[in-house]
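Shown next, in structure tokens, is the structure this report addresses.
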Amino acid sequence: MSTTEPVDTLETTGAYPKYDEYEDSGTEWIGEIPSHWDSVKFAYMIRDSNAGEVIDKTHWGEGNELVYSCRRTPIQSSFSDFPDDRRATEEDLLVTRNGTPYVHLPREDAIYTNVVQRLRIAEDLNRRFGWYCLSQAAHTLQGVGDIIESFNLSTWRNLRISLPPLDEQRAIATFLDRETGRIDALIEKKEELIDLLEEKRTALISRVVTKGLDGDVEMQDSGVEWLGEIPAGWKPMKLKYGLKSIEQGWSPQCESRRAGEDEWGVLKAGCVNGYKFDPSEHKALPTDTEPRPEYRVGVRDVLMSRANTRELLGSAVTVEEHYPKLLLCDKLYRLQARPDIDPHFLVAQLNSHVSRYQMERDATGASSSMQNISQDTVRNLLFLKPPYREQRRISNRLREWNRQIDALLEKTSDGIKRLKEYRTALISAAVTGQIDVREEVATAPAE
């Protein structure tokens, strides 16, 4: 199936029949349910429960054991001697005890920590159906992207779920396993396409900022063993000779919101994470903090991440307009190029494999989650300087390619969003009885 296949090639919920008779469930998120279904508190579906153990995190990231914690996905570990009474079984669901509500369908013998509650499911609740029900209830009550600090074990127990006869529960779970599997496969292909597009972008940038746009141009030895040949007339030099200045911003205590229309804002490191400057990535400067106008960002500024994960470290963008009330933060460098260096070409080279190799080689930091590059590292980066007219020609071509790639990325991301919305709607319709999938399951060919 094509990675660009639109969501409307999947069955919509309207394509499935409804039940003959419905009645009010008494629960807002469920609505009406088939008249032969029940609506019950989830507490009545729990035989017993217990919290997990506090686990030494030094074992995390190793081995084939799975540890369920407060994250959406389990963590690999090496706890081969963990006690059996703190391992999940095929009768269990795992739920987070506070914060963001996650429901886990654990693998047999998986480990769970003290922030997770094991729930042993009653015999008249199919475990997979229960997992779909709880996941949907949590999603509905939580809201996308929100954190509900009061979403604790008591909240889980008091959730009401719809309860069809056990044979229907199994049919619904089988149907959802199959259909969500199809949707997830489409999402995975689209995510792979996004990765390929980003790889293609990086490869294009790296090629043209080191070899130029013309395949038959005369080449010369760069004098750098790991770089090889470069076009004749290009000058290898240290970046500092192409800069007027480099400076770091400041780090005032900001509010956890964006600035209003007449307020000052301080940029966050995320404003440079894409290939375009994102001015919305900022926090409001408190009104009782005096702004420092010398850190305002404007046209021709090149902003570069100085502290971030290894993958994002050194990400750079060009600022295209003046922002009179946006200020540089201490996680960013501002580079100002000399008149004979095109800022867009400079950014392209900073985002290429040539610069990334040097930055990753010289970065410092105790972990891969937070790496740093010094101003000296930036100043001493190898920079390939073509004639100015060639710089402009390359940067203009790259901007055109970037627009095309961005359009494909946006279309693909929109497709992923719609697939996820459809997935949620399908689960909701199935577990609340808005669609009748019994015949769909009964007549489905064996896989």
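For K276, the NZ atom counts as loosely surrounded, since its 6.0 Å shell holds 12 or fewer non-hydrogen atoms of other residues, nucleotides or ligands. Shown here is R300, whose CZ atom has more than 12 heavy atoms of other residues, nucleotides or ligands within 6.0 Å. Within a 6.0 Å radius of CD in E294, more than 12 heavy atoms belonging to other residues, nucleotides or ligands are found. No more than 12 heavy atoms of other residues, nucleotides or ligands shown are found within 6.0 angstrom of NZ on K200. Counting non-hydrogen atoms of neighbouring residues, nucleotides and ligands closer than 6.0 angstrom, the CZ atom of R72 reaches no more than 12 such neighbours. K325 NZ: more than 12 foreign heavy atoms inside a 6.0 Å radius. With a 6.0 Å radius and a threshold of 12 heavy atoms from other residues, nucleotides or ligands, Q253 has its CD atom at or below the threshold.
Without hydrogens or angle criteria, E91 side chain to I121 main chain gives no donor-acceptor distance under 3.5 Å. T412 places no side-chain N or O within 3.5 Å of a backbone atom of K190 that could act as its donor or acceptor partner. Between the side chain of R47 and the backbone N or O of R120 there is no donor-acceptor pair closer than 3.5 Å. In this structure a side-chain-to-backbone donor-acceptor pair under 3.5 Å is present from S25 to G31. Using a distance-only test at 3.5 Å, with no hydrogens or angles considered, no donor-acceptor pair links the side chain of W264 to the main chain of P293. Side-chain atoms of R87 come within 3.5 Å of backbone atoms of D109 as a donor-acceptor pair (strictly under, hydrogens ignored). Side chain of Q136 to backbone of I427: no donor-acceptor contact under 3.5 angstrom is found. In this structure, the side chain of Y333 engages the main chain of Q375 through a donor-acceptor pair within 3.5 Å. The backbone N or O of N126 lies less than 3.5 Å from no partner atom in the side chain of R170, so there is not a single donor-acceptor pair. A distance-only check finds a donor-acceptor pair linking the side chain of H282 to the backbone of A259 [under 3.5 Å].
Remark: S256 OG to K283 NZ distance equals 6.5 Å, nearest 0.5 Å. Atom CG in L267 sits 9.5 Å away from atom CG in D278 (nearest 0.5 Å). Once rounded to the nearest 0.5 Å, the distance linking CD of E311 with CG of N273 reads 11.0 Å. Once rounded to the nearest 0.5 Å, the distance linking CD1 of I416 with CD1 of I183 reads 13.5 Å. Rounded to the nearest 0.5 Å, atoms CD1 (I30) and OG (S428) are 9.5 Å apart. Here the CG-CG distance, from N351 to L398, works out to 10.0 Å after rounding to the nearest 0.5 Å.
The nearest pair of heavy atoms linking L328 to R334 is CD2-CB, 3.7 Å. Smallest separation of non-hydrogen atoms from L176 and L426: CD2-O, 4.1 Å. L327 and P291 get closest at one heavy-atom pair: CD1-CB, 4.3 Å. Nearest approach of L313 to A363, heavy atoms of both residues: CD2-CB, 3.6 Å. The two residues L332 and C271 have their closest heavy-atom pair at CD1-SG, 3.6 Å. In this structure, S162 and I33 approach most closely via the heavy-atom pair CB-CG2, 4.2 Å.
Checked against side-chain contact (heavy atoms from CB on, under 4.5 Å), V115 has the following partners two or more places apart in sequence or in another chain: S69, C70, T113. Legend: residues meeting side-chain hydrogen bond (donor to acceptor under 3.5 Å, both in side chains) with E188, ordered by chain and number and at least two apart, are absent. Applying the side-chain hydrogen bond (donor to acceptor under 3.5 Å, both in side chains) test to E281 and every residue at least two apart in sequence or in another chain returns nothing. Under the side-chain contact (heavy atoms from CB on, under 4.5 Å) criterion, D288 pairs with P286, sequence neighbours left out. The salt bridge (charged side-chain N to carboxylate O under 4.0 Å, His left out) check on E32 picks up nothing, with sequence neighbours excluded. Taking R127 as the reference, nothing meets the side-chain hydrogen bond (donor to acceptor under 3.5 Å, both in side chains) condition, with sequence neighbours excluded. Among residues two or more places apart in sequence or in another chain, the side-chain contact (heavy atoms from CB on, under 4.5 Å) test is passed with A203 by none. Contacts of R257 classified as salt bridge (charged side-chain N to carboxylate O under 4.0 Å, His left out), with partners at least two apart in sequence or in another chain: E255, E263. A search for salt bridge (charged side-chain N to carboxylate O under 4.0 Å, His left out) contacts involving E439 returns nothing, not counting sequence neighbours. For D436, the side-chain hydrogen bond (donor to acceptor under 3.5 Å, both in side chains) criterion is met by R438, not counting sequence neighbours. Taking the ring-ring contact (aromatic ring centres under 6.0 Å, His included) definition, one finds that H104 meets it with Y68, sequence neighbours left out. Residues passing the ring-ring contact (aromatic ring centres under 6.0 Å, His included) test with Y132, sequence neighbours excluded: none.
Judged purely by distance below 3.5 Å, without hydrogens or angles, the side chains of T73 and Y102 never pair a donor atom with an acceptor atom. Between the side chains of Q371 and N308, no donor-acceptor pair is found at a separation under 3.5 Å. No hydrogens or angles considered: a donor-acceptor pair under 3.5 Å links the side chains of S245 and Q336. In summary, the side chains of D92 and T89 do present a donor paired with an acceptor at a separation below 3.5 Å, with no hydrogens or angles considered.
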- Message: Evaluate D376 against R379 for salt bridge (charged side-chain N to carboxylate O under 4.0 Å, His left out), listing each step before the verdict.
- Response: CA-CA 5 Å; D376 281 344; R379 289 190 183 96; 3.3 Å; yes

- Message: Could you walk me through whether N50 and Y112 satisfy the side-chain contact (heavy atoms from CB on, under 4.5 Å) test, starting with their C-alpha distance in whole Å, then the side-chain angles of each, then the deciding distance to 0.1 Å, before giving a yes or no?
- Response: CA-CA 10 Å; N50 66 273; Y112 50 101; 2.9 Å; yes

- Task: Under the side-chain contact (heavy atoms from CB on, under 4.5 Å) rule, what do L239 and I246 come out as? Steps first, then yes or no, please.
- Result: CA-CA 11 Å; L239 180 57; I246 177 173; over 6 Å; no

- Message: Does I435 form a side-chain contact (heavy atoms from CB on, under 4.5 Å) with E440? I'd like the steps, not just the answer.
- Response: CA-CA 10 Å; I435 56 176; E440 180 76 17; over 6 Å; no

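Using bins of under 30°, 30° to 60° and over 60° for the plane-to-plane angle, the ring pair W37/Y19 lands in the perpendicular bin. Using bins of under 30°, 30° to 60° and over 60° for the plane-to-plane angle, the ring pair Y295/W250 lands in the parallel bin.
R182 has a carboxylate O that lies under 4.0 Å from a charged side-chain N of E179, or vice versa, which qualifies the two as a salt bridge. Salt bridge present: R201 and D406 bring a charged side-chain N and a carboxylate O closer than 4.0 Å.
With contacts defined as side-chain heavy-atom distances shorter than 4.5 Å, the pair I405/Y275 does not qualify. Side-chain contact between M45 and D124: present, with at least one pair of heavy atoms (C-beta onward) separated by less than 4.5 Å.
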